[in-house]
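The structure appears below as structure tokens.
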Amino acid sequence: MAQVVAGGLAPATVRQAHRVLALVLTLAVRDGRIPRNPASGVPLPRARRADPRFLTRTEVERLADAAGEYGDVVRLLAYTGLRFGEMTALRVRRVDFLRKRLTVAESATEVGGSVEYGAPKTHQQRTVPIPSILVEPLSRRCQGKGPDDLVLTSPGGAVLRSGNFRRRFSDPAAMAAGLEDLSPHDLRHTAANLLVASGANVKAVQRMLGHASAAMTLDVYSGLFDDDLGALAERMDAAHDALKTSRTVGIVGT
């Protein structure tokens, strides 16, 4: 791994290459071809995280309209915060229309040209609320399918792959909506921003996005909670002023 880093590859690229290799070796261990995964515990370079890109709700709707038949995918990513692989692995039986909830229990990953299904990134199953705007589109997607069928697929009924989706739908829609250089992962960032703007606290955002800890959520989105701190200070000041006023009234009353 040190040789790969020395070769000039970006830390994020190195980490992705390691993830793919680790998945392949995990399959080799499962098949009994090797006794253990040699990629486990390998020290990796720290990726330099770019500033998250957030869309407004108006921009999300403009992008969804431009995406045509896949506008529901845009809305699902932007309003639930699912990772793309979690979205593509969503099965009919994990959509509860009565409770307006969907269960995230699998994630799809492309390995060597094929798609492998496994646990979500943090290995934790979670439940995510379905916004009302998505109930009808998801219902249409599920119509006529069996419990284990994928909810969202390519036009030909195959698994929805990230590269194909970007090339055929996402990138053209972003261009048409005036939102160039937008990636599907930016919609996950957008979901976090919309959640915080709606009043969600750190713990709620962590649970919705499936982060391993609230500390991780703050590490990525700490800037979104600055307004919360300002509002907290204002409430503290208001409480203090109310106490001073009550004491003054009490003194005058005596």
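Counting begins at 1 with the first residue of the sequence.
- Residues A105 and P120 come closest through the heavy atom pair O-CD, 3.4 Å.
- A continuous path of hydrophobic side-chain contacts links V196 to L218 [ILVMFWY only; heavy atoms under 4.5 Å].
- Other residues, nucleotides and ligands place more than 12 heavy atoms under 6.0 Å from the CG atom of D148.
- The distance from the CG atom of L195 to the OG1 atom of T217 is 10.5 Å, given to the nearest 0.5 Å.
- Between A67 and V74, the shortest heavy-atom contact is CB-CG2, 3.9 Å.
- One hydrophobic cluster holds both I133 and L194 under the rule that ILVMFWY side chains link at heavy-atom gaps under 4.5 Å.
- Contact record, G163 with E110: N-OE2, 4.5 Å, taken as the closest heavy-atom pair.
- Between L76 and L102 there is a side-chain heavy-atom pair separated by less than 4.5 Å.
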Query raised in the report: Stepwise, does the side-chain contact (heavy atoms from CB on, under 4.5 Å) test hold for L187 with L63?
Result: CA-CA 10 Å; L187 298 178; L63 180 66; 4.0 Å; yes
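- In this structure, N37 contributes its side chain and A22 its backbone to a donor-acceptor pair below 3.5 Å.
- The same ILVMFWY cluster, assembled from side-chain heavy atoms under 4.5 Å apart, contains both I130 and V205.
- Rounded to the nearest 0.5 angstrom, K203 NZ and N201 CG are separated by 9.5 Å.
- Of all heavy-atom pairs between V92 and V151, the closest is N-CG2, 3.6 Å.
- For the pair R168 and Y70, the cation-pi test (distance below 6.0 Å, angle within 45°) is failed.
- Residues L55 and V220 are members of one and the same hydrophobic cluster, defined by side-chain heavy-atom contacts under 4.5 angstrom among Ile, Leu, Val, Met, Phe, Trp and Tyr.
- Annotation: R207, atom CZ; neighbour count of heavy atoms from other residues, nucleotides and ligands within 6.0 Å does not exceed 12.
- Clustering ILVMFWY residues whenever any of their side-chain heavy atoms sit less than 4.5 angstrom apart, transitively, puts L182 in the very cluster that holds Y79.
- Here the side chains of T103 and R101 are not in contact, with every heavy-atom distance at 4.5 Å or above.
- Shown here is K121, whose NZ atom has no more than 12 heavy atoms of other residues, nucleotides or ligands within 6.0 Å.
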Query raised in the report: Should R161 and S154 be marked as a side-chain contact (heavy atoms from CB on, under 4.5 Å) after you check the CA-CA gap, both sets of side-chain angles, and the distance that decides it?
Result: CA-CA 8 Å; R161 296 174 183 250; S154 71; over 6 Å; no
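- Counted within 6.0 Å of CD on Q143, heavy atoms from surrounding residues, nucleotides or ligands total 12 or fewer; the atom is thus considered open.
- In this structure the side chain of P129 reaches within 4.5 angstrom of the side chain of M208, judged on heavy atoms.
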Requested in this report: Let me see the working for R188 and R83 under side-chain contact (heavy atoms from CB on, under 4.5 Å), right down to the final yes or no.
Outcome: CA-CA 7 Å; R188 178 169 162 83; R83 300 176 178 91; 3.2 Å; yes
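- One finds a salt bridge joining E86 and R126 here, because a Lys/Arg side-chain nitrogen approaches an Asp/Glu carboxylate oxygen to under 4.0 Å.
- H18 has its side chain within reach of V42: a pair of non-hydrogen atoms, C-beta onward, lies under 4.5 Å apart.
- Going from atom CG of D186 over to atom CG of L179 covers 10.0 Å, rounded to the nearest 0.5 Å.
- Judged by distance alone, with hydrogens and angles left aside, the side-chain atoms of R91 form no donor-acceptor pair with the main-chain N or O of D149 at under 3.5 Å.
- Shown here for R166 and P172, the closest heavy-atom pair between the two residues is O-CD, 3.5 Å.
- Between T80 and V104 there is no side-chain heavy-atom pair separated by less than 4.5 Å.
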Report task. Would you sort out whether Y221 and H211 count as a side-chain contact (heavy atoms from CB on, under 4.5 Å), showing the intermediate values? Result -> CA-CA 12 Å; Y221 301 116; H211 284 162; 3.8 Å; yes
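- Interatomic distance, CZ of F84 versus OG1 of T109, reported as 11.5 Å (0.5 Å rounding).
- How far CG of L152 is from CG of D72: 6.0 Å, rounded to the nearest 0.5 Å.
- Geometrically, R141 does not engage F97 in a cation-pi contact, judged by NZ or CZ lying under 6.0 Å from the ring centre and within 45° of the ring axis.
- In terms of heavy atoms, S198 sits closest to R57 at OG-NH2, 4.4 Å.
- You'll find the side chain of F169 stays beyond 4.5 Å of the side chain of V73, heavy atoms only.
- Under a 3.5 Å cut-off, the side chain of R62 and the backbone N or O of A176 do not form any donor-acceptor pair.
- Once rounded to the nearest 0.5 Å, the distance linking CD of E61 with OG1 of T58 reads 8.0 Å.
- A distance-only check finds no donor-acceptor pair linking the side chain of S139 to the backbone of V135 [under 3.5 Å].
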